Structures are given as C-alpha cells and as structure tokens.
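Below: one structure in structure tokens.
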Number of protein chains: 2
Amino acid sequence: MAQRKNSPTIHDIAKALDVTPSTVSRALNNHPRISQTTKEAVWRMASTLNYQHNHLAAALRRGRSSLLGVMVPTINRSFFSSVVRGIEEVANEAGYAVMVCQSHEMQEQEAANVQVLLRTQVDGIIVSVGKGTSDFSHFQQIIDRNTPLVLFDRVPESLPASAVVIDDYRGAYQATRHLIEQGCRRVIHLAGPAHLNIYRDRQRGFEDAHRLHGLPLETSQILPGSLQQDAGHDSITALLEAGEPFDGIFSASDYAAVGAMQALKARGIAIPEAVAIAGFSNEPFTSMIEPGLTTVEQHSRQMGQTTARIFLEQFDHQGDPYVPRRTVLTPELIVRGSSLRQNPR
Amino acid sequence: MAQRKNSPTIHDIAKALDVTPSTVSRALNNHPRISQTTKEAVWRMASTLNYQHNHLAAALRRGRSSLLGVMVPTINRSFFSSVVRGIEEVANEAGYAVMVCQSHEMQEQEAANVQVLLRTQVDGIIVSVGKGTSDFSHFQQIIDRNTPLVLFDRVPESLPASAVVIDDYRGAYQATRHLIEQGCRRVIHLAGPAHLNIYRDRQRGFEDAHRLHGLPLETSQILPGSLQQDAGHDSITALLEAGEPFDGIFSASDYAAVGAMQALKARGIAIPEAVAIAGFSNEPFTSMIEPGLTTVEQHSRQMGQTTARIFLEQFDHQGDPYVPRRTVLTPELIVRGSSLRQNPR
DNA sequence: CACAAGTGTACAATCGATTGCACCAATGTA
DNA sequence: TACATTGGTGCAATCGATTGTACACTTGTG
C-alpha cells in the first residue's frame with residue numbers, strides 16, 4: 001500500500017510561524033505584497049523543515065503543469081536523441097520538465113501515449129510521427145483539447161499545427177547531385193514509406209537532381225523499403241543478383257546505406273570507385289565505418305531547440321487566433337570516402 | 001496567459017446524468033457497489049462528452065502519480081536507450097507512465113533532475129549515475145522522502161538502494177581471456193573513471209585474467225581515460241608514437257575501441273593479426289565496422305525490465321522494513337573479426 | 001484632521017477526483 | 001411483523017497550493 005509521504009506542506013510552515021498558508025504561498029512565490037521579514041522567515045523555515053513544493057497541487061490549481069511531453073518514434077537513434085537534447089535545453093531553461101516517450105513506430109502505442117500525456121496534463125506536446133501511423137485522429141484530440149502541439153521532422157500535412165522540418169528535398173538534391181558530379185550515371189534510391197513527408201521529399205530531390213542534370217531515370221531505380229540496415233542489404237543484394245547495373249546509391253537512411261555497403265563489400269565491389277554511396281542523417285557511425293559514409297546533416301539539436309521555442313511562443317499566445325507556422329532548416333551535405341572518387345567524371 | 005481548458009470533469013458527467021460526482025467517480029473506477037445500469041450510463045456519457053480523466057487531481061488525492069522517473073546519463077547510447085525501453089515495457093504494463101531525463105554526466109544536472117522528479121511526485125525513481133557524480137546526497141534525499149529508488153549499471157555502493165547490474169568483472173575477464181587465448185601477450189586496457197563501479201570491476205576482470213593465466217601485467221598497460229572515441233584514438237596513437245609494444249587491446253567502452261581501431265588503421269597495423277581488440281557494450285555500430293568489433297553484450301533490455309520489476313515490488317512493499325537487493329545479470333562475450341585470429345597461439 | 005494610497009495578512013473558494021461514512025430502500029429471515 | 005443484510009448513492013472532507021477580495025494598520029497629503 002502506498003505509504004503516507006511525510007513531506008511537510010505549506011500548512012506546516014504556516015503553523016510553525018503562526019501565519020496562514022496563503023502568506024506562506026505568497027512568500028515562496030516572492031509576492032511583492034509580503035514583507036521582506038516574513039519572506040525570510042518563511043524561506044528559513046522552509047529549508048529547516050526540508051519543504052518540497054508539491055508540483056501536483058500547484059499544477060492542479062494553476063491549470064498548468066510545467067511539463068512538456070515529447071513523443072518520438074524511438075530514442076535509439078542519434079537523430080532523435082539529439083533533438084530531444086535540444087528540446088530539453090530550451091525547455092529546462094524556461095522552467096519546464098520534459099517527459100519523453102516513444103511510439104516505437106506503432107500507431108497504437110502512439111495513440112496510447114497521447115492519452116497518457118494528456119492525462120498527465122502536460123502543457124504541450126511535441127511529436128515526430130511514427131512510420132506506422134496513417135490515421136491522425138489522436139493528434140486531432142490534442143488540438144481539440146486546446147493543448148499546444150508542435151511537430152518536427154515527420155509531419156502529417158493534414159494537421160493544423162506548427163512544424164519544424166529540414167529541407168529534405170534540398171538535402172536529397174544535393175546528395176544526388178554530388179553523386180552525379182562524381183560520375184555516377186545510374187543511381188539507385190533506397191526510399192522510405194511514401195506516406196511520410198520526409199521520404200517523399202527526399203525522393204523528389206533525388207528525381208529532380210536527375211532531371212536538372214539531364215540524366216535519365218527509370219522507376220526501377222527507386223527501391224522502397226523499411227530503410228533498416230538489413231533492408232538496405234537485401235535490396236542491394238537482390239539487385240546484384242539480378243545483374244542490374246548501377247554505379248551509385250542514394251539511401252534515405254544511413255542505416256540502409258550501411259546495409260548496402262555491406263552487401264557491396266561482400267561481393268568485393270569497390271566503394272566508391274565502382275559504386276559511390278550516400279546516406280541521410282549523419283548518424284555517428286557514418287564516420288566510424290570504412291570508407292566513411294557521405295551523408296546529410298540534419299542539425300538535429302538545433303531542430304529540437306527551435307521546436308521547443310515554438311512551443312513556448314505558442315503557449316504564451318494561447319487563445320489568440322492560431323496560425324500554424326512551418327519552419328524549415330537547411331541541411332548540409334557531408335562528403336566522405338564512400339562517394340569521393342579520385343577522378344570524377 | 002494560460003487559457004481555460006474546457007475539458008469536461010466528472011461534475012459535468014454527474015450533472016448530465018443527475019447523479020453526484022462521487023457516483024461518477026466510482027462508476028469510472030468500476031466500484032462494485034455501483035449498479036451496472038449506472039456504470040454503463042456513466043461510461044456512455046463520458047465518451048459522449050469526450051471526458052479525459054484528470055490525472056493530476058487523482059494523483060493529488062491518492063498520493064500517487066503513476067509516474068515513474070528514469071534518469072540516465074544520456075539516451076544517446078544504445079545501451080541506455082535499450083534499458084529505457086525495457087523499463088517502459090514493464091512499467092507501462094503496470095499502468096505507469098515513464099518520465100525520462102538525462103544528467104549528461106553532470107552532477108549538477110543530476111541533482112536538479114532529482115528535484116524535478118521529486119516535485120513532480122513520481123512514484124519512484126530509477127537511476128544510472130553520471131560520470132561526473134562524486135557526491136551522492138541528492139540521492140539520499142530521494143530515500144529520505146520515502147520514494148522508492150532503484151539503481152542500475154552505474155551504482156554507488158554507498159547508497160542503501162536496490163540495484164541491477166551485470167557482472168562486469170566476468171565480462172571483462174572473459175574478453176581478456178579470449179584475447180589471451182588468441183595469442184595476445186601484452187594487452188592494453190582502456191579504462192574508465194575508477195570511481196564508477198563498472199569500470200573498477202572491468203579493470204579487475206582484466207587484471208585477474210592475466211593473473212590466472214600467468215601473464216605478467218605492468219601498470220603501464222592500463223590507460224585511464226574518458227572512454228570517448230577520440231580518447232581511445234589519442235591514447236593508442238600516443239602509445240604507438242612512444243614505440244610501446246602491445247598486441248591486444250581491451251577497451252571498457254566500444255566507443256574508445258573504435259577510436260583505437262582507427263588509430264591502428266591509420267598506421268597500417270593489421271587487426272586482429274598484429275593487434276587484437278575487444279570492446280564492451282555491444283553497441284550496434286560494432287557490427288557495422290570492419291572488422292566487426294568483439295565486445296560484451298550487457299542484455300540491456302532485460303536489465304531495464306528487471307529494474308522496473310524491482311521498483312514495482314518495492315513500491316508495493318513500501319513501509320516494510322527495507323532491505324536493498326542487488327541483482328546481477330550475466331554478460332555474454334560476442335566474438336567478431338577484431339579479435340579472431342586464423343592461427344591462435 | 002480627514003481621507004487617499006499603500007502595506008501586509010487573513011479568509012475562503014477553488015482546481016478535479018477520491019473515499020469514509022451515513023442513509024434509504026428492497027430483500028431475506030426468524 | 002420486526003429486524004438484519006445487502007445494494008446503491010449522496011454528503012462532505014480531503015489532497016496541497018493558489019488567488020481574488022476584504023480588512024487593519026501606516027504613512028503621506030492638502
């Protein structure tokens with residue numbers, strides 16, 4: 001059974017000093033109408049009794065919890081954990097505690113987490129949606145409840161909520177152009193689920209780079225998949241076995257890119273000479289492997305910071321007519337050995 | 001200004017059905033003394049009004065929040081995020097929401113997070129301490145407040161709290177023995193901060209493996225450091241420049257091991273033929289790099305599950321005379337190319 | 001000297017849900 | 001018929017902190 005927490009309350013402080021709880025509360029909140037003498041007495045007594053402010057009670061009364069909910073598909077990716085880090089920095093600074101939860105890419109878990117967050121009375125929710133999510137009604141519920149919602153990276157267009165993304169189109173375009181400039185003439189694209197904005201945009205960038213460089217592009221060059229490491233490995237292996245020719249790979253994910261590299265290496269195909277390859281996200285392992293993987297940096301930490309700031313603004317302007325905003329950050333191509341040839345073209 | 005959240009309360013349901021809030025509360029909690037008819041009416045009305053249980057209010061009244069606080073040094077490591085995953089699984093199952101925060105290896109941040117968690121009235125706290133922590137008084141405070149505290153992996157011995165760890169000594173012993181069996185005669189140990197149990201134990205395992213195999217060991221073979229990737233790189237580079245001979249490396253961290261491998265490769269030293277190498281933690285990248293890194297699997301997810309279960313038990317037995325327990329999991333050596341020689345011995 | 005303005009606290013309602021106790025009605029029992 | 005049981009709800013206090021309003025006392029001003 002839950003035991004009585006013997007924490008002192010403002011009533012205890014009040015009793016000890018022979019004032020009322022209201023005075024204690026005001027003193028603790030540094031209210032201007034309380035005399036300096038009283039304040040100091042209260043503060044002293046509070047620390048003597050080892051008083052701990054009960055956030056729950058205050059939250060209930062005030063109608064705000066100073067909690068910020070964050071839901072990501074998984075924290076087990078450098079991209080997401082860096083974003084979380086950025087969110088934390090800004091949120092903590094502003095007096096918020098951050099509650100992180102994971103959808104594990106499953107719609108059901110995502111919906112359940114929304115319930116938990118709402119029940120916990122968080123002051124706002126930041127989300128990047130999972131791959132498994134196709135129905136967004138659980139997010140609509142957040143909006144209906146008048147709780148600020150900010151999305152990042154993976155963003156369903158249909159939701160009237162502010163969002164922070166990077167220019168995936170541009171990142172993909174640059175990476176693909178780079179491969180073409182390195183002499184690639186037939187580039188394979190490991191693509192992600194098309195219902196997610198980021199993968200659609202990356203594919204568009206890939207396609208447009210071909211168009212604008214006058215390079216032909218067949219649909220068979222585009223291989224959709226889960227973008228997991230093994231998926232990348234298997235897709236490329238299948239291509240090789242089928243004898244399909246190609247001299248470049250642009251993967252929408254670093255993980256799939258690594259899988260692809262392993263498939264190539266297993267057959268003794270030289271990287272980047274025979275096949276040049278680029279990924280997306282700049283996961284730390286991209287600089288550990290050999291050759292280093294060319295990839296696109298997403299400025300994840302900054303993305304988190306920006307997202308949190310937008311939440312703060314939105315929270316302060318709650319009630320104002322709401323105009324969702326979209327912030328687009330600029331990605332950066334990181335060129336490494338996996339694509340850098342000695343004699344381009 | 002914070003807007004009035006127009007969420008319906010049990011009072012609204014009560015009014016709509018012309019019963020009292022107490023009845024509604026009981027109906028929602030499926031109290032046996034409420035008639036089936038009433039319950040169903042309440043449930044229907046609740047969903048009609050889109051009622052959301054206010055967790056805060058219930059928590060305040062009940063004295064328990066159904067929140068579980070988890071603090072790790074960083075979520076940006078596969079080990080920790082897997083543990084968190086394990087904790088989540090068990091905790092969610094038991095009706096707890098998990099609140100994750102990071103100390104970023106800094107004592108100050110760690111202490112601040114403890115305050116946040118306590119104020120948020122979490123029902124329990126699970127911690128793995130940061131490298132920067134030398135004073136543990138902020139944890140003592142958790143115990144004083146009668147809040148269940150469970151530690152994992154990095155555990156200060158001085159705290160009277162239950163803990164879940166793996167047998168670091170054994171993992172290190174096995175890894176080192178393996179290197180010796182592969183023919184290594186002078187193994188370098190990249191060691192971690194000695195004030196953390198895990199690094200002390202790993203070093204002991206390293207030492208004992210030498211002792212029990214009758215291999216000499218000089219203190220110069222042990223190189224303490226931060227165990228970051230660059231630290232591993234720099235330590236090994238320095239050794240090489242100094243002309244120190246060695247034919248094996250056991251790193252207490254996979255990251256430092258990768259740094260070491262890069263240093264070796266940069267000088268054209270063959271792995272594992274000239275120098276065999278093993279790390280610790282089985283981070284995902286260990287199987288991506290080449291050669292694959294021999295390492296020690298820590299069963300992180302299971303560790304999280306176990307930790308959460310211990311919290312649950314402890315919570316249920318609050319008030320009982322408290323006997324801290326220590327659970328030790330068994331690690332597993334994963335042998336890969338970085339240490340596997342063609343002709344051992 | 002009267003009154004306005006400013007200081008410092010107290011009172012009591014409130015946030016939303018929970019729960020011990022009281023109460024009434026219906027049913028069962030002797 | 002009188003009384004004990006059981007089922008089904010209502011009443012009101014409670015969790016701990018916050019806050020609008022009221023009130024008493026000073027101080028300042030004309």
Side-chain angles (χ1 to χ4, degrees), chain A residues 1-42 45-46 49-67 118-123 145-146, chain B residues 1-42 45-46 49-67 118-121 123 145:
Chain A
M1 290 297 101
Q3 204 63 21
R4 176 181 262 55
K5 294 261 166 84
N6 57 345
S7 296
T9 72
I10 54 170
H11 294 84
D12 300 320
I13 300 181
K15 211 165 295 172
L17 293 175
D18 201 35
V19 294
T20 59
S22 20
T23 301
V24 174
S25 171
R26 290 196 170 94
L28 291 173
N29 288 309
N30 209 8
H31 189 108
R33 293 284 286 274
I34 299 293
S35 71
Q36 196 58 28
T37 336
T38 309
K39 281 181 186 171
E40 273 160 18
V42 168
M45 183 57 71
L49 297 179
N50 194 20
Y51 168 77
Q52 279 276 344
H53 184 222
N54 187 326
H55 210 276
L56 237 51
L60 175 58
R61 180 58 226 258
R62 283 207 167 115
R64 49 171 292 201
S65 61
S66 295
L67 281 177
L118 287 178
R119 275 207 296 266
T120 311
Q121 310 287 115
V122 295
D123 287 342
R145 284 244 302 176
N146 208 8
Chain B
M1 290 298 100
Q3 205 64 20
R4 174 181 264 55
K5 296 257 165 87
N6 58 343
S7 297
T9 71
I10 53 170
H11 294 85
D12 299 322
I13 300 181
K15 210 165 296 170
L17 294 174
D18 201 33
V19 294
T20 58
S22 15
T23 301
V24 174
S25 171
R26 288 194 175 95
L28 291 173
N29 288 307
N30 209 8
H31 188 108
R33 294 286 285 274
I34 299 294
S35 70
Q36 196 58 28
T37 333
T38 309
K39 281 181 189 173
E40 273 160 17
V42 168
M45 183 56 73
L49 297 179
N50 194 21
Y51 167 77
Q52 278 279 340
H53 184 227
N54 186 326
H55 210 276
L56 238 50
L60 175 59
R61 178 59 225 259
R62 283 207 167 116
R64 48 171 294 202
S65 61
S66 294
L67 281 178
L118 286 179
R119 275 207 296 265
T120 311
Q121 311 287 114
D123 287 342
R145 285 243 303 178

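Every chain is numbered from 1, with letters handed out A, B, ... down the list of sequences. Only a predicted model underlies this, so the values are computations on that prediction, with no experimental measurement involved. All values below come from the heavy atoms of this structure, side chains included, with hydrogens, waters and symmetry mates left out.
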Practice task
Assess whether one donor atom and one acceptor atom, taken from the side chain of A:Arg26 and the base of D:dG20, lie less than 3.5 Å apart.
Solution key: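 It does, because a donor-acceptor pair links the side chain of A:Arg26 to the base of D:dG20 below 3.5 Å.
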Exercise for the section: Select one nucleotide: of D:dA17, D:dG7, C:dT9, the one nearest the side-chain heavy atoms of A:Ile10. Expected result: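 Selected nucleotide: D:dA17.
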Handout entry: Side chains of B:Ser22 and B:Ser25, donor plus acceptor under 3.5 Å
Key =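 No, B:Ser25 and B:Ser22 have no side-chain donor paired with an acceptor closer than 3.5 Å.
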Exercise for the section: Evaluate the side chain to side chain contact (heavy atoms under 4.5 Å, CB included) criterion for residues B:Thr9 and B:Asn54: first the C-alpha distance (whole Å), next the side-chain angles of each, then the deciding distance (0.1 Å), finally the verdict. Expected result: CA-CA 8 Å; B:Thr9 71; B:Asn54 186 326; over 6 Å; no
Practice task
Determine the contact category for A:Ser25: base if any of its heavy atoms lies under 4.0 Å from a base atom, sugar-phosphate if only primed atoms, P, OP1 or OP2 are that close, otherwise nothing.
Solution key: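 Base, at least one base atom sits under 4.0 Å.
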Exercise for the section: Name the closest nucleotide to the A:Thr9 side chain, picking from D:dA17, D:dG8, D:dC15. Expected result: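 Looking only at heavy atoms from C-beta outward on A:Thr9, the closest nucleotide is D:dA17.
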Problem - Crowding at NZ, B:Lys15 (>12 non-hydrogen neighbours, <6.0 Å) - result: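 At most 12 heavy atoms, drawn from other residues, nucleotides or ligands, come within 6.0 Å of this atom.
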Problem - Per B:Leu60 side chain, nearest of listed nucleotides D:dC15, C:dA13, C:dT18 - result: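 Nearest listed nucleotide: D:dC15.
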Exercise for the section: Classify the side chain of B:Ser22 versus the base of D:dC11 as yes if they form a donor-acceptor pair under 3.5 Å and no if they do not. Expected result: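 Indeed there is one.
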Problem - Heavy-atom side-chain contact between B:Lys39 and B:Asn30 under 4.5 Å - result: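 Touching, per the 4.5 Å side-chain cut-off.
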Practice task
Give the rounded distance in Å between these two atoms: CG of A:Leu17 and P of C:dG8.
Solution key: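 Answer to the nearest Å: 17 Å.
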Handout entry: Heavy-atom donor-acceptor pair, B:Arg62 side-chain to C:dT18 base, under 3.5 Å
Key =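 Absent.
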Exercise for the section: Round to a whole Å and report the spacing from CD of B:Gln121 to C1' of C:dA17. Expected result: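 Nearest whole value for this atom pair: 16 Å.
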Practice task
Determine: side-chain N/O of B:Thr23 to OP1/OP2 of D:dT9, distance under 4.0 Å, yes or no.
Solution key: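 Answer is no, no contact under 4.0 Å.
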Handout entry: Length of the NE2-C1' vector between B:His55 and D:dC15, whole Å
Key =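 One finds 15 Å between C1' of D:dC15 and NE2 of B:His55, rounded.
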Exercise for the section: Remember a base hit wins even if backbone is also touched, and classify B:Val24 as base, sugar-phosphate or nothing at under 4.0 Å, heavy atoms. Expected result: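 Counting heavy atoms under 4.0 Å across all strands, no contact is made by B:Val24.
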Problem - Contact summary for A:Leu56 and B:Leu60, nearest pair of heavy atoms - result: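 The pair with the smallest heavy-atom distance is CD2-N, 3.8 Å.
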Exercise for the section: Between B:Ala57 and A:Thr38, just flag the one whose closest nucleotide in DNA chain C comes earlier from the 5' side. Expected result: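 First, find each residue's nearest nucleotide; the 5'-ward one identifies A:Thr38.
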Problem - Nucleotide D:dT19, atom C1' - distance to NE2 of A:His31 in whole Å - result: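 Roughly 9 Å, once rounded to whole Å.
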Handout entry: Spacing of B:Ile34 atom CD1 relative to D:dG7 atom P, expressed in whole Å
Key =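 Between P of D:dG7 and CD1 of B:Ile34: 13 Å.
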Problem - Matching residue for A:Ile34 among A:Leu28, A:Thr23, A:Val19 - test: side-chain contact (heavy atoms from CB on, under 4.5 Å) - result: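 Passing option: A:Thr23.
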Exercise for the section: Indicate whether OP1 or OP2 belonging to C:dT18 is found under 4.0 Å from a side-chain N or O atom of B:His53. Expected result: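 It does, given that an N or O in the side chain of B:His53 lies less than 4.0 Å from OP1 or OP2 of C:dT18.
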Handout entry: Length of the CG-P vector between A:Asp18 and C:dC11, whole Å
Key =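 For the pair A:Asp18 CG and C:dC11 P, the rounded distance is 10 Å.
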Handout entry: Distance below 4.0 Å between B:Thr20 side-chain N/O and D:dG10 OP1 or OP2
Key =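 Answer yes for this pair, as a side-chain N or O of B:Thr20 is under 4.0 Å from OP1 or OP2.
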Problem - Whole-Å gap separating P (D:dA17) and CG (A:Leu28) - result: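 Computing the A:Leu28:CG to D:dA17:P distance gives 9 Å.
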Exercise for the section: State whether B:Asn29 places a side-chain N or O below 4.0 Å from either non-bridging phosphate oxygen (OP1 or OP2) of C:dT18. Expected result: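 Yes, B:Asn29 has a side-chain N/O under 4.0 Å of OP1/OP2 on C:dT18.
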Handout entry: Residue closer to the 5' end of DNA chain D, A:Leu56 versus B:Ser35 (nearest nucleotide)
Key =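 Nearest-nucleotide comparison on DNA chain D picks B:Ser35.
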Handout entry: Spacing between B:Arg61 atom CZ and D:dG16 atom P, to the nearest angstrom
Key =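 Those two atoms, CZ and P, are 10 Å apart.
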